[in-house]
Number of protein chains: 2
Amino acid sequence: MTDDIKIPPRRPLTLKDVSEASGVSEMTVSRVLRNRGDVSDATREKVLAAAKSLGYVPNKIAGALASSRVNLVAVIIPSLSNMVFPEVMTGISEVLDDTPLQPVVGVTNYLPEKEEEVLFEMLSWRPSGVIIAGLEHSDASRAMLHASGIPVVEIMDVDGEPIDAMVGISHRRAGREMARAICKAGYENIGFLGTKMPLDHRARKRFEGFTEALAKEGVEVMDQEFYSGGSALKKGREMTQTILERSPDLDFLYYSNDMIGAGGLLYCLDAGIDVPGRIGLAGFNGVELLDGLPRKLATMDAGRREIGREAARIIAGRSDGSITETGQRVELTPKLQPGETLRRW
Amino acid sequence: MTDDIKIPPRRPLTLKDVSEASGVSEMTVSRVLRNRGDVSDATREKVLAAAKSLGYVPNKIAGALASSRVNLVAVIIPSLSNMVFPEVMTGISEVLDDTPLQPVVGVTNYLPEKEEEVLFEMLSWRPSGVIIAGLEHSDASRAMLHASGIPVVEIMDVDGEPIDAMVGISHRRAGREMARAICKAGYENIGFLGTKMPLDHRARKRFEGFTEALAKEGVEVMDQEFYSGGSALKKGREMTQTILERSPDLDFLYYSNDMIGAGGLLYCLDAGIDVPGRIGLAGFNGVELLDGLPRKLATMDAGRREIGREAARIIAGRSDGSITETGQRVELTPKLQPGETLRRW
DNA sequence: TTGAAAGCGCTAACAG
DNA sequence: CTGTTAGCGCTTTCAA
């Protein structure tokens, strides 16, 4: 009986295969597999058994085309390699896990052209929603998003006009509040250290808010230092040394993110500089890492996880019809964490 | 002329719309948009102009169904929140960026059931390939992967039998080599600190290789300490303090990852412990962060970026037909980085 | 170089 | 509760 040898199917199984194996119509098989409509227990059992034994995996492509429903949520972010966006992802996953929706991630590396590409690619899959970082996009990107008719939530930032919904914090305000806290603590010679990233609009806005609030107190940023690429912790060290050698009078350093701030803190401690007595330090983001440093860096928690959750809730709600409004605007409040690198006042 | 008011289309545009707008058949429009087959320049121009002015975005769902070609690569990883997988992702993106393929990420949180779910979900989109972390999967997962007929690359680990291709390092060997280096440096009372994660098979294999090689030298692990959740840096501090108080004779601490190792290092420096004289330290992964620490932690680079690149190359090659073999096995060599926390011998 | 016809595998809508 | 009939928007195939 050489005919007995089973050749494993190279062709993926279809509903028809399950239908034939179970003796139930394709339509009913489809109903069972989606838990839709009423099906008798007996039929259900038969179908389930057949599907399982065959190892049937439904073809969502066909399903999506037929139903014009796609349970995918496009998430478009600039980077995965700093701690901030993975945490947003965690928030998104947390709420989508309780829905039929699935996140699909695209990374833009802070490049508008890349964003456009990724967006086009993702929109061509007709997702149920788009969650995209930032409010600044190319005209083409905005047009696509607009024309798609798909729910869009722009996240992280609320300083600007959203295409549809937005969830985030005001980075201008975050910068202002940090400036006020610093002045209140009595620091006067303030330096700024950040990334060499003209396209990081949120960092830019924080800096703008920061200088604006300082100006109100009659203070100006005394010196600045920028970096790009490499280990942020190491860069933080190096930049700190550089700026302090150049401007020894500085008594406060404001970093555009916690990683370089942590590097700066390690440098100061190594160099025997009194923190926060001689020099105060502050970062931005509120990353978990800070918990393990020798001294806790002052920072401002951006509520990244909560931003992810809230954005996902909006998409999920619109997708299942429980939310019908559009244009939601959710502003979260960044929380100042004074840590131990800011003088008590 | 009130009829002049244009109501923006809620219905997504189709090929037909472009066809009508340009006066060219749907088929030819399709050819132009995909750069397939010969089309006269004149027609091409017309079509492109029409598509652009309408803001047409092709429907990949329909395209994929018709052509049974899906330019998606499923990437299934346990977590995004430690530094390791984002770096693998970077490697994957780097090579897929030069292809028509797009990565789609699914996260399993180290849970086999979740892995099964995510896998099922992703396979039902009929991706061009699957890149999945680890060699340990549930029977159901293995069966699905097998039956799918889709190229599968299991990554990170090579200690086991792959379903199809695999790319990674031998964690057993990594553990053994670290053990040898430690013994050679003259340390004798060795402690191990790791995660409380029975499902992290790679950490387990490293530990097995580690103890095995120690045993050959007549050495046993003297004490162990485990943690779960929270800031790894902080936990590293705490665990180190705990284990050293309990076993003051320890002269070496082997950490299952660099983050807790870094925490341990910071603790030792704070406590004024002579590193690597009194106590040696080593971690695992080779994360960039180590560059900025006061002293460079000994570690073993797992080549995560390269793993991602290699896996993506295999998928891309099979997908474009430039590779026809299956079952590739690529073992990368982890590189010991002695840093400054291991005595020179 | 262009077009017409026939599905891809599934589900909506309706009929029984 | 179950089945039948039409497509979903695109690409394949074949013909002009």
Side-chain angles (χ1 to χ4, degrees), chain A residues 9-48 50-51 54 56-72 100 121 123-128 148-149, chain B residues 9-48 50-51 54 56-72 100 121 123-128 148-149:
Chain A
R10 265 319 43 149
R11 168 184 65 75
L13 297 160
T14 69
L15 264 191
K16 195 169 170 193
D17 296 303
V18 181
S19 164
E20 285 167 1
S22 61
V24 176
S25 78
E26 283 187 47
M27 196 53 233
T28 302
V29 171
S30 168
R31 286 193 183 99
V32 171
L33 265 22
R34 287 176 299 145
N35 291 311
R36 273 280 193 306
D38 295 318
V39 180
S40 74
D41 283 348
T43 321
R44 176 186 313 285
E45 300 303 318
K46 261 194 299 189
V47 170
L48 255 19
L54 292 176
Y56 171 70
V57 176
N59 184 331
K60 291 227 181 199
I61 312 253
L65 182 60
S67 64
S68 45
R69 245 190 296 282
V70 180
N71 59 349
L72 260 25
E121 199 67 21
L123 287 180
S124 67
W125 287 100
R126 305 283 191 267
S128 294
S148 71
Chain B
R10 268 310 52 138
R11 168 182 66 74
L13 298 160
T14 68
L15 264 192
K16 194 168 170 193
D17 297 303
V18 181
S19 164
E20 285 168 1
S22 62
V24 176
S25 79
E26 283 187 47
M27 196 51 238
T28 301
V29 172
S30 168
R31 285 195 183 97
V32 172
L33 265 21
R34 286 175 300 144
N35 290 311
R36 274 278 191 306
D38 295 319
V39 179
S40 74
D41 283 349
T43 324
R44 177 186 312 285
E45 300 303 319
K46 260 195 300 189
V47 170
L48 255 18
L54 292 176
Y56 171 70
V57 176
N59 185 332
K60 291 228 179 200
I61 311 256
L65 182 60
S67 64
S68 45
R69 245 190 297 281
V70 179
N71 59 349
L72 260 23
E121 199 67 22
L123 287 181
S124 67
W125 287 101
R126 306 282 190 266
S128 294
S148 71

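Naming convention: chains lettered A, B, ... in sequence-line order (proteins, then strands); numbering from 1 in each chain.
In this structure, B:Ser128 has no side-chain hydrogen bond (donor to acceptor under 3.5 Å, both in side chains) partners at least two apart in sequence or on a different chain. A search for side-chain hydrogen bond (donor to acceptor under 3.5 Å, both in side chains) contacts involving A:Ser19 returns nothing, not counting sequence neighbours. In this view, B:Ala62 and A:Leu65, B:Asn59 satisfy the side-chain contact (heavy atoms from CB on, under 4.5 Å) rule, not counting sequence neighbours. Residues satisfying the side-chain hydrogen bond (donor to acceptor under 3.5 Å, both in side chains) test with B:Glu121, not counting sequence neighbours, are A:Lys60, A:Asn71. Taking A:Ser68 as the reference, nothing meets the side-chain hydrogen bond (donor to acceptor under 3.5 Å, both in side chains) condition, with sequence neighbours excluded.
Residues B:Trp125 and A:Leu72 form a side-chain contact, since some pair of their non-hydrogen atoms from C-beta on lies under 4.5 Å apart. For the pair B:Val32 and B:Leu48, the minimum side-chain heavy-atom distance is below 4.5 Å.
Nearest approach of B:Leu54 to B:Asp17, heavy atoms of both residues: CD1-O, 3.9 Å. For the residue pair B:Val24 and B:Val29, the shortest heavy atom distance occurs at O-CG2, 3.9 Å. Here the shortest heavy-atom pairing between A:Ser124 and B:Pro58 reads CB-O, 3.1 Å.
Taking the 5' to 3' direction, DNA chain C first and last meets chain B under 4.0 angstrom from a heavy atom at C:dT1 to C:dG9.
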Could you list, one pair per line, each protein nitrogen or oxygen that sits under 3.5 Å from a nitrogen or oxygen of nucleotides 13-15 of chain D, together with the distance?
none

Could you list, one pair per line, each protein nitrogen or oxygen that sits under 3.5 Å from a nitrogen or oxygen of nucleotides 8-10 of chain D, together with the distance?
unit_1	atom_1	unit_2	atom_2	d
D:dC8	O2	A:Leu65	O	3.4
D:dC8	O2	A:Ala66	N	3.2
D:dG9	N2	B:Ala62	O	3.3
D:dC10	OP1	B:Tyr56	OH	2.4
D:dC10	OP1	B:Asn59	N	3.4
D:dC10	OP2	B:Leu15	N	2.6

Atom pairs and distances, donor-acceptor, side-chain atoms in residues 35-47 of chain B, under 3.5 Å, two or more places apart:
unit_1	atom_1	unit_2	atom_2	d
B:Ser40	OG	B:Thr43	N	3.2
B:Ser40	OG	B:Thr43	OG1	2.4

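For the helix from C:dT1-D:dA16 to C:dG16-D:dC1, the rotation axes defined at the first and last 5 base pairs enclose an angle of 30°, given to the nearest 10°.
Within the structure, no pair that satisfies the salt bridge (charged side-chain N to carboxylate O under 4.0 Å, His left out) test touches residues 25-35 of chain A, not counting sequence neighbours.
Taken residue by residue, residues 36-45 of chain A places no heavy atom nearer than 4.0 Å to DNA chain C.
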